[in-house]
Number of protein chains: 2
Amino acid sequence: MQGSSHNVVEKDDRDLRTLILDRASRLLVEDGYSGISMRKIAQAIGYSATTIYHQFGSKDGLFHALVEEGMDRLARYLDQAKGDGLAALCRAYVNFGLENREYYEIMFLVTPDSVDRYPIHKYRRARRNLDLFAEAVADVLGAPSTDLQYVRSEATTVWAALHGIVALIVAGRIDRGIGEEQFVVGSIRRIVGAYSSGALA
Amino acid sequence: MQGSSHNVVEKDDRDLRTLILDRASRLLVEDGYSGISMRKIAQAIGYSATTIYHQFGSKDGLFHALVEEGMDRLARYLDQAKGDGLAALCRAYVNFGLENREYYEIMFLVTPDSVDRYPIHKYRRARRNLDLFAEAVADVLGAPSTDLQYVRSEATTVWAALHGIVALIVAGRIDRGIGEEQFVVGSIRRIVGAYSSGALA
DNA sequence: CATCCGTACTTAACACTGTTAAGTTCATGT
DNA sequence: ACATGAACTTAACAGTGTTAAGTACGGATG
C-alpha cells in the first residue's frame with residue numbers, strides 16, 4: 001500500500017531535505033517536540049506540508065532523521081571525552097543531555113508509537129555510542145574482552161543510570177532542594193565507584 | 001479566567017468520578033497513553049466528553065488523578081519490600097515499572113507539557129515513595145540521619161538509576177542480546193554495591 | 001400552582017493535528 | 001507538438017483537546 005514513495009533522492013532534493021531538517025531542528029529547539037507540527041515546519045520554510053511528506057514519508061521519517069542528527073551530536077560529545085576514563089565519559093553524556101534537551105527528548109524520551117519498527121540500521125550510531133561506554137567499562141573492570149556480551153550488559157547498566165539522571169532532570173522531577181550540579185557529580189561518582197573499587201569481582 | 005469550575009464534589013459525583021477513572025484506567029492499560037482520548041473514554045462510559053471536563057477540568061486533570069493512583073500502586077509495591085533492605089526495595093520498584101508499564105508511562109515517562117504546574121500537594125505521595133529509598137539508603141550508609149539533605153540526594157541517585165533501567169526496558173531500547181532479567185539483577189547489584197562496600201566513605 | 005435557580009448533562013463548534021487523494025505546474029525527452 | 005514524470009499544492013478526512021451555548025430536570029421559594 002504505502003509503497004508509492006519512490007524514495008527519490010536526487011541532486012537537488014538534498015537542498016530541500018537539509019532545508020527542512022534545519023528548520024525542523026530550529027523549531028524543535030525553540031518550541032520542544034510537542035511544539036512542532038508538519039504544518040508549522042512547512043510554513044517556516046515556505047512550502048506546503050505535503051512536501052515534507054514527499055521527502056520523509058511521515059512525521060516519523062522526519063523524526064528519525066532528527067534522531068540521527070542527535071546521535072551524531074552525542075557522538076561528538078563522547079568522542080571528545082574518549083580515553084579520559086569512565087567518569088569523563090559519563091560527564092560528557094550528561095552534559096550532552098542537559099545542553100541539548102530537545103534532542104535528548106526526541107532521542108530517548110519521546111516514543112512515537114512506532115519505536116518498534118525503527119529501521120535497525122539507523123541504530124548503528126546508537127550502538128557505537130554504547131560501545132564507547134563498553135570500552136571504558138572494560139578498561140575499568142580490567143577487561144577480559146572475550147566476554148563481550150557481559151561488558152555490553154554492564155555498559156548498558158551505566159547507560160541506564162546516566163539516562164535516569166538526565167531524564168529526571170530534563171523532566172523537572174528532581175526536588176528543587178537538591179542542587180543539580182552536586183547531584184550530577186555525586187551520581188557519577190557513585191556509578192564509577194560501583195565499577196572501580198574491586199567491587200563484585 | 002478558568003475559575004468557572006466550581007470544583008463541586010458532592011455525594012453522587014463520587015460515583016461518576018470513579019466510574020470515569022476506572023474506565024480511563026482500563027483503557028490506559030489496554031491501549032497505552034497515546035491510545036486514549038477524552039472522546040473514547042466518554043464513549044466507553046456512555047457520557048459525552050464534556051462531562052469528563054466538568055469532573056476533571058482538563059485532560060491533565062484526569063491525567064493527574066491517574067498518576068496519583070499510580071503512585072498509590074507504587075507505594076504498595078514498595079511497602080511490601082520495606083525493611084527487607086535496599087536491594088529488595090530496588091527490585092520492588094523495577095517490578096512495579098515492568099508490571100504496570102502504562103502507569104509507569106504516565107507517571108514518569110510522559111510529560112504533558114504542564115508538568116511544571118503540577119499541583120505540589122499531589123506529590124506528597126511521590127515524595128513519600130522517595131523517602132522509603134532515603135530510609136534504606138540511610139540504613140546502608142550507616143545513617144547520620146542529621147544530614148537529611150545528603151541522604152535525600154543519594155536516594156535520588158538510586159531512584160535515577162532505577163528509573164533509567166525501567167525507562168529503557170519499557171521503551172524497548174535495551175539490546176535484544178541482553179537478557180532482561182539478568183540485566184535487572186546485575187544493575188541492582190551494581191547499585192547496591194555502590195553503597196555497601198564502604199564505598200566513598 | 002408557578003416561577004426561579006442551579007445541577008447535570010449534551011450538542012455543536014473552533015482550531016488544531018497527521019495524513020493522503022487528486023490535482024496542477026512545468027521542464028525535459030521524443 | 002506531445003507525452004512523461006518530477007515537484008509541488010489544494011482540499012479534504014478523521015481524529016484531537018477544548019469550550020460556548022443550550023437543554024432537561026429537580027427542588028426550593030413566591
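These figures come from a predicted structure and were not determined experimentally.
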**Request:** Answer yes or no: is there a side-chain heavy-atom contact under 4.5 Å between Y47(A) and L16(A)?
**Result:** yes
**Asked** I52(B) has an atom CD1; how far is it from atom C1' of dA8(C), in whole Å?
**Response** 14 Å
**Asked** Starting at NZ of K59(A) and ending at P of dT17(C), how long is that distance when rounded to a whole Å?
**Response** 9 Å
**Message:** In whole Å, I'd like the distance from the CE atom of M38(A) to the C1' atom of dT16(D).
**Reply:** 17 Å
**Message:** Just the rounded figure in Å: distance from P of dG23(C) to OH of Y53(A).
**Reply:** 21 Å
**Item:** Residue pair S48(B) / A42(B): nearest heavy atoms and the distance that separates them
**Value:** C-CB, 3.5 Å
**Request:** Give me the bend of the helix from dC1(C)-dG30(D) to dT30(C)-dA1(D), using the axes of the five pairs at each end, rounded to 10°.
**Result:** 40°
**Message:** Run the ring pair (Phe, Tyr, Trp, His ring centres under 6.0 Å) test against Y103(A) and tell me which residues pass, sequence neighbours left out.
**Reply:** none
**Asked** Sequence neighbours excluded, which residues qualify as salt bridge (charged side-chain N to carboxylate O under 4.0 Å, His left out) partners of D22(B)?
**Response** none
**Prompt:** Taking the inter-plane angle between the rings of Y93(A) and F133(A) on a 0 to 90° scale, is it parallel (under 30°), tilted (30 to 60°) or perpendicular (over 60°)?
**Reply:** perpendicular
**Asked** Is there a side-chain contact between E135(A) and V151(A) (heavy atoms, below 4.5 Å)?
**Response** no
**Request:** Can you tell me the distance, in whole Å, between the CZ atom of F56(B) and the C1' atom of dG17(D)?
**Result:** 16 Å
**Message:** Less than 4.5 Å apart, side chain to side chain, heavy atoms only: is that true for Y104(A) and H163(A)?
**Reply:** yes
**Prompt:** What string of B, S and - do you get for nucleotides 10-16 of chain C, 5' to 3', if B is base contact, S is sugar-phosphate-only contact and - is no contact with any protein heavy atom under 4.0 Å?
**Reply:** BB-B---
I'd like a table of donor-acceptor pairs (distance under 3.5 Å, sequence neighbours excluded) in which one partner is a side-chain atom from residues 75-86 of chain A, with atom names and distances.
residue, atom, partner, partner atom, Å
Y77(A), OH, E99(A), OE1, 2.6
Y77(A), OH, N100(A), ND2, 3.2
D79(A), OD2, R128(A), NH2, 3.3

**Prompt:** Which residues pass the side-chain contact (heavy atoms from CB on, under 4.5 Å) test with F183(B), sequence neighbours left out?
**Reply:** S153(A), T156(A), T157(A), A160(A), I165(B), I169(B), I174(B), I178(B), S187(B)
**Request:** Using whole Å, report how far CD of Q43(B) lies from C1' of dA14(D).
**Result:** 14 Å
**Message:** I need the CG-P distance between L16(A) and dA6(D), as an integer number of Å.
**Reply:** 16 Å
**Message:** In whole Å, I'd like the distance from the CG atom of L62(A) to the P atom of dT17(C).
**Reply:** 14 Å
